[in-house]
Each structure stands twice: as C-alpha cells, then as structure tokens.
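Below: one structure, written as structure tokens.
No experiment lies behind these values; they were computed from the predicted model shown. The figures here come from the full heavy-atom set of this structure, side chains too, leaving out hydrogens, waters and symmetry mates. For ligands, and for the atoms within them, numbers begin at 1 and follow the listed sequence.
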Amino acid sequence: MRHLIDPLDLSLKEIDRLLDVADVIAADRMAFSQVGQGKTLATLFYEPSTRTRLSFEAAMLNLGGRVLGFASADSSSAAKGESVADTIRVISGYADICAMRHPKEGAAQQAARYSTIPVVNAGDGGHQHPTQTLTDLMTIRRRRKDLGHLTVGLCGDLRFGRTVHSLIKSLARYEDVKFILISPEELRAPDYIVEDVLWDKGIPFTETEDMELVMDQLDILYMTRVQKERFFNEEDYVRLKDSYILTPDKLEKSKKDMAIMHPLPRVNEISIEVDQDPRAAYFEQAHNGVFIRMALIMMLLELESPEGKIGFSN
Ligand code: NCD
C-alpha cells in the first residue's frame, strides 16, 4: 500500500505516468466513468478548502465511486478532542482511500502510520501540498510541453505557502530549471527549501523583492496568497498582504508564452483584468486538478483503466 505525503514519494517515472493518464482522462473523461465502482473516498478536512476537497470528490465521483467525509474540524470529533490516529483507524474501516487536510505540519504523515488505507496529504499546515503540485505540473507540461528548461518565478508568501514548497521540491528534479524567489524579506522561503533543496543540490536560484525587475526572464510566474491563517498577528498580515498585485501593465515586459499560475484562492494578488490575458493559466490549473486526482486515485487503488493498470513501477 502506498501513501502520498510528500511530492518526492513519487518517482519521476510515476509522475510522468500520472500526467500521461491525466491527459488521456482530460480528452475522454467518460471512458473512465466506471473504473472506481464500489470504491469510497473519505475527505477529512480539518481546514477550509474549496478546490482541493471538491476536486477530490469530483474525481472519485467521475470514476463512478462514492465519497464521504467532513469539511471542517468543528463538524468532526476533532472538536471533542479525538486524535488523528484514532480518527484514521476508524475511517480505514469506512473507506478505501482518504485525502486529509490539517493545520498541523506532519498530520498526514502521522495518519499514514495508523492507516490501513492509502492516505493522501491534501495540505499539512505551511508544509507540503503534493496534489496541488501534480496539478501544477500537469498545467506546466500542457502549456510548455516540458518540465525542464524553465525559469520559474515564485512570488508572494514563500514562507507559509505549502504549494510553493512542494512545487520547488518537484521542479528541482528536472533538468535545467532555475528559480527566482520573489518575496518580502519576512516571507522568504524556509531553509528546508532554500538550503536543503536548492543550495545543497546546486540548483540555480536567486532571491529578490522586486517582481517587475525579473519579469522578462520568467517562463512561469507562480503567484501566491499571503497565508493569513498562519500569521501570529493581524498587524503583520495587514502590512504584507498586498506586497504584490499583478496588473496588466506589469506584464508588458514578460515573455509572450509565459504562464501565469496561482493555486487559488486569490485575494488581491492578480487583478481580474489579467484573467483575459492568454498567459493566465490559473483557471485551467484548477480544472486540471480533477483529472490528475482521478489518475492518482486510480494509481493508489490500483484500478483497472481502459488503458490497463496504472501501477507503481520505480
Ligand atoms: C492552496 C492551499 O490550500 O495551500 N489552495 C489550494 O489548495 N488550491 C493555496 C492557498 O490557500 O493559498
């Protein structure tokens, strides 16, 4: 049995396979409408979510499976003080696979230790968000045809933004990828990313506070929301929340085929005028989330697809 807790839990070959299958699904979703029959997904969400939870549920329903779960800690026994370990032991008897989002770093990892069904980390605090990364990789590959040879700008809250941590970890495995980390000093990416992933592995990167200065170099611009819920005081949040606002004029110097991405929800980071720009890829990115999660569920449950099994083969 396999879990997906960290983006590096998947080999490059497995990621390729997932992306290939997700592309096939995107082209003909109905061909997959029976493959999950009789299977149940549990969504255990201790933190707010729109896209991640609903795209997991849509993915399972599209496969012909069933879903159950809770959408907030308040409506589960967590409010009574139940531990993640006990909850997952019980849910293991109710479902075949589960997706868990939790405010505590390492919660999904902890759940996996006690689970008898595959656990997917749907976001653990400010740490990792591997399925958002799969969605991002799918979007980049469909736009750029390749996951290598890219200059990737990540902008905003690089400190608490788990999508950024997982994406850097993943893209750092591909050939000739450079990173430009754009953030205010206080929201710089943590050491376990900058030092352990980039510096130690000799991956080229620069850090700057100035988005416009580097705009012309970027193949991907990944905008992020300042993560209000992870701040200790309101004052700091208010001061930093509008650090970067992407407007059409700031895009003037950017490459014509740059992709503008955002895991969503956006607050003010991208003005709505940018939505009309062909470089805007964020809604497409959100839609891809369903296809890649269908592929992932099939892989983890070893479901037979019209194409055969999406097994794991390192
Ligand atoms: C992200 C998250 O939850 O980390 N949202 C998502 O899953 N698409 C980003 C965010 O909340 O800012």
Side-chain angles (χ1 to χ4, degrees), residues 4-7 22 41 43-59 69-73 98-109 119-140 152 154-171 181-184 187 189-190 192-193 220-231 236-237 240-246 259-270 275 280-294 296:
L4 176 59
I5 308 299
D6 184 279
L41 163 79
T43 50
L44 314 180
F45 277 61
Y46 297 83
E47 255 196 358
S49 168
T50 300
R51 268 151 296 275
T52 305
R53 186 172 63 84
L54 295 182
S55 67
F56 258 113
E57 297 194 357
F70 53 81
S72 77
C98 94
M100 174 183 282
R101 168 169 291 188
H102 200 284
K104 244 174 63 198
E105 302 199 353
Q109 177 77 61
V119 175
V120 180
N121 180 7
D124 60 327
H127 189 218
Q128 300 292 333
H129 194 345
T131 65
Q132 179 64 46
T133 293
L134 290 172
T135 307
D136 300 342
L137 297 180
M138 179 177 178
T139 308
I140 295 171
V152 182
L154 298 117
C155 178
D157 187 348
L158 310 188
R159 179 173 175 199
F160 297 117
R162 55 193 172 197
T163 62
V164 166
H165 307 157
S166 289
L167 186 58
I168 293 176
K169 260 184 137 175
S170 286
L171 281 176
L181 309 179
I182 311 159
S183 75
L187 299 180
Y192 69 83
I193 296 295
I220 305 289
L221 172 59
Y222 196 94
M223 298 295 294
T224 61
R225 171 180 74 87
V226 176
Q227 306 281 296
K228 181 176 185 196
E229 63 276 35
R230 317 246 180 260
F231 275 75
D236 286 347
Y237 170 70
L240 293 165
K241 73 183 172 66
D242 292 327
S243 298
Y244 302 99
I245 300 176
L246 186 65
I260 306 164
M261 298 177 65
H262 192 308
L264 304 178
R266 76 172 141 185
V267 185
N268 276 331
E269 309 80 53
I270 304 180
D275 299 357
Y282 29 95
F283 290 113
E284 174 185 318
Q285 192 182 347
H287 290 149
N288 288 338
V290 176
F291 307 128
I292 196 73
R293 288 181 173 98
M294 287 172 76
L296 179 68

Query raised in the report: Does NZ or CZ of Arg101 come closer than 6.0 Å to the centre of the six-membered ring of Phe45, within 45° of the ring's axis?
Result: no
**Report entry** side chain to side chain donor-acceptor pair (under 3.5 Å) partners of Asp275, counting only residues at least two apart
**Finding:** Arg266, Tyr282
**Report entry** Partner set under side chain to side chain donor-acceptor pair (under 3.5 Å) for Arg162, not counting sequence neighbours
**Finding:** Glu47
Report task. Answer whether the closest heavy-atom distance between the side chains of Asp6 and Lys169 falls below 4.5 Å. Result -> yes
Report task. For residues Arg159 and Ser183, determine if any side-chain heavy atom of one lies less than 4.5 Å from a side-chain heavy atom of the other. Result -> no
Write out each pair where an N or O from ligand 1 and one from the protein are under 3.5 Å apart, with the distance.
unit_1: ligand 1; atom_1: 3 (O); unit_2: Arg101; atom_2: NH1; d: 3.4
unit_1: ligand 1; atom_1: 3 (O); unit_2: Arg101; atom_2: NH2; d: 3.2
unit_1: ligand 1; atom_1: 3 (O); unit_2: Arg162; atom_2: NH2; d: 2.9
unit_1: ligand 1; atom_1: 4 (O); unit_2: Arg162; atom_2: NE; d: 2.8
unit_1: ligand 1; atom_1: 5 (N); unit_2: Leu264; atom_2: O; d: 3.0
unit_1: ligand 1; atom_1: 7 (O); unit_2: Thr52; atom_2: OG1; d: 2.9
unit_1: ligand 1; atom_1: 7 (O); unit_2: Arg101; atom_2: NH2; d: 3.1
unit_1: ligand 1; atom_1: 7 (O); unit_2: His129; atom_2: NE2; d: 2.8
unit_1: ligand 1; atom_1: 8 (N); unit_2: Gln132; atom_2: OE1; d: 3.1
unit_1: ligand 1; atom_1: 8 (N); unit_2: Pro263; atom_2: O; d: 2.9
unit_1: ligand 1; atom_1: 8 (N); unit_2: Leu264; atom_2: O; d: 3.1
unit_1: ligand 1; atom_1: 11 (O); unit_2: Arg225; atom_2: NH2; d: 2.9
unit_1: ligand 1; atom_1: 12 (O); unit_2: Arg225; atom_2: NE; d: 2.8
unit_1: ligand 1; atom_1: 12 (O); unit_2: Arg225; atom_2: NH2; d: 3.3
unit_1: ligand 1; atom_1: 12 (O); unit_2: Gln227; atom_2: NE2; d: 2.8

Report task. Just jot down the side chain to side chain donor-acceptor pair (under 3.5 Å) partners of Asn121, sequence neighbours excluded, or say none. Result -> Asp124
